[in-house]
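What you see below is based on every heavy atom in this structure, not just the backbone, and it leaves out hydrogens, waters and symmetry mates. Start at 1 and go down the list; that is how both ligands and their atoms are numbered.
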Amino acid sequence: MSPEEFRTLGHRTVDWVADYWERLESLPVAPQVEPGQVRRMLPRHPPEHGEPFEALLRDMDGVVVPGLLHWQHPRFLGYFPANTSGAAVLADLLSAGLGVQGMSWSTSPACTELEEHVLDWLVEILGLPDRFRSDGRGGGVIQDTASSALLVALLAALQRAGKGEIRKEGIGSRRFGVYVTGETHSSAVKAAIIAGLGEQAVRHVRTDRDTLALDVAHLQTLVLRDLADGITPLLAVATVGTTSTTAIDPVAAVGQLCRRHGVWLHVDAAYAGVAAVCPELRWLNDGVAEYADSYCTNPHKWLLTTFDCDTFWVADRTWLTEALTLLPEYLRNAASESGRVTDYRNWQVPLGRRFRALKLWAVIRWYGVEGLRRHIRQGVGLAAELARWVRADERFELAAAHPLALVCFRLRTPPGGDADEANERLLHRVNASGTTFLTHSRIDGRVVLRIAVGGTFTRRHHVEQAWQCVGREADRVLQPVPD
Ligand code: PLP
């Protein structure tokens with residue numbers, strides 16, 4: 001494809017994306033496809049000869065779009081949002097066009113230095129501690145996901161706990177404890193498995209019945225029990241905004257305990273952390289400045305930055321880089337050896353890395369901090385309004401607190417009815433309607449439905465339409481009538 005062809009087809013492709021965003025609202029949110037249906041529309045064998053790019057764009061409409069769950073649909077209210085935005089997409093195109101690899105400073109100095117700079121900006125924007133900034137002992141890096149952030153935090157914790165020996169010898173007969181709750185994201189257990197600690201290293205700390213937040217007294221019991229058994233308490237995960245309900249663990253109290261026993265504290269604020277862009281939500285950072293050894297939040301969830309973009313900081317980068325640094329001959333260069341540059345390959349699992357900082361830079365520059373605040377406040381405001389609608393409707397009850405933009409609720413069922421079954425049926429009907437898309441979780445074993453506001457294109461009337469749809473389908477669930 002010559003640059004001239006690229007220019008023409010590029011315009012057409014940008015048009016395609018803009019048209020997609022414009023017509024999203026007219027599409028059913030969720031696909032109605034059977035397993036295998038998409039593949040059956042694809043040729044069995046790859047083309048021997050090249051095809052015009054327009055043929056691919058035609059298949060986007062005919063094959064791909066009908067098989068999509070439309071995450072950017074303004075009435076997509078499931079899971080957590082996965083914001084994309086024009087600014088981020090265009091900057092991602094620049095990144096793809098440049099096609100640079102930023103594994104070492106020397107393999108593209110601008111790729112590394114822009115990332116360091118933008119992550120320092122984000123420290124300031126989110127009110128995070130100065131010790132996360134790159135000009136001290138700490139620093140930030142963009143990981144693909146919060147799951148990878150947790151894995152590298154665990155590897156850094158092993159480096160610190162094992163005084164460097166584990167890197168050489170492996171874990172051997174050493175035993176470690178990793179502390180999570182039933183509400184912690186499953187990536188914590190996955191990290192323990194990948195690091196070779198096994199699921200047996202993971203301790204499940206109780207949560208408070210009402211707030212679903214980590215019970216610090218129980219954490220203390222588990223840590224002391226491990227110490228008594230000769231097991232090294234390694235890492236605790238405190239979540240700010242859990243996946244099921246956005247519960248907030250008491251970071252400061254967890255941190256005090258971790259500090260006392262030399263446990264690495266990783267704060268997982270994957271969804272909620274970016275909301276600290278608003279001064280009135282800065283309480284989300286309570287305890288982080290004093291106690292977090294590592295911290296992450298995902299601009300790719302709720303801060304308008306196209307997936308993938310997890311921002312991860314450590315208070316002291318030594319452990320992380322000591323854990324992951326290797327310098328094979330083919331990567332040797334004067335800059336690395338001078339010790340004056342950051343080589344981000346030593347902060348992550350893969351060697352290669354995309355120029356992800358461009359899209360975050362573009363988002364911050366396009367919206368400005370004030371525009372980012374407006375986006376977060378819109379989500380929080382709409383969720384508060386939705387919660388009022390839930391409260392005012394006697395068929396429903398709120399199932400958890402809603403400090404941010406996620407509302408968990410459930411259908412009350414008449415005496416003798418099965419509440420879980422009714423809520424599952426309601427969810428199925430709502431999603432099959434194509435009007436909106438919600439997901440569920442369980443609190444204390446009981447099914448709850450989740451509405452996560454905060455999509456890039458979601459406005460008040462979309463949430464209103466979604467809630468009307470829930471109400472309509474609830475009538476049908478409560479008083480079944482023949483369809
Ligand atoms: N942590 C929390 C609290 C989450 O809610 C999620 C995903 O929703 C994750 C971690 C995992 O995110 P990622 O897909 O970036 O690994």
Worksheet item: Counting only heavy atoms not in His428, do more than 12 fall under 6.0 Å of its NE2?
Response: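 No, NE2 of His428 has 12 or fewer neighbouring heavy atoms, counting only those of other groups under 6.0 Å.
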Within a radius of less than 6.0 Å around CH2 of Trp366, do more than 12 heavy atoms belonging to other residues, nucleotides or ligands occur? no
Atom pairs and distances, ligand 1 N/O vs protein N/O under 3.5 Å:
unit_1, atom_1, unit_2, atom_2, d
ligand 1, 1 (N), Asp268, OD1, 3.2
ligand 1, 1 (N), Asp268, OD2, 2.6
ligand 1, 5 (O), Thr243, OG1, 2.9
ligand 1, 8 (O), Lys301, NZ, 3.4
ligand 1, 12 (O), Lys301, NZ, 3.3
ligand 1, 15 (O), Ala146, N, 2.8
ligand 1, 15 (O), Asn298, ND2, 2.9
ligand 1, 16 (O), Ala146, N, 3.4
ligand 1, 16 (O), Ser147, N, 2.9
ligand 1, 16 (O), Ser147, OG, 2.5

**Asked** Between Phe396 and Trp467, does the ring centroid distance fall short of 6.0 Å?
**Response**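 Judged by ring-centre distance (under 6.0 Å), Phe396 and Trp467 do meet the cut-off.
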What do you reckon, are the aromatic ring centroids of Tyr344 and Trp105 less than 6.0 Å apart?
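No, ring centres 6.0 Å or more apart.
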_Here's a test for you: under salt bridge (Lys or Arg N to Asp or Glu O under 4.0 Å), which of Arg410, Arg442, Arg446 qualifies with Asp420?_
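Considering Arg410, Arg442, Arg446, a salt bridge (Lys or Arg N to Asp or Glu O under 4.0 Å) with Asp420 is found only for Arg442.
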Next on the checklist: Could you check whether Asp92 and Thr306, counting side-chain N and O atoms only, form a donor-acceptor pair closer than 3.5 Å?
Outcome noted: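 The answer is no; no qualifying pair exists.
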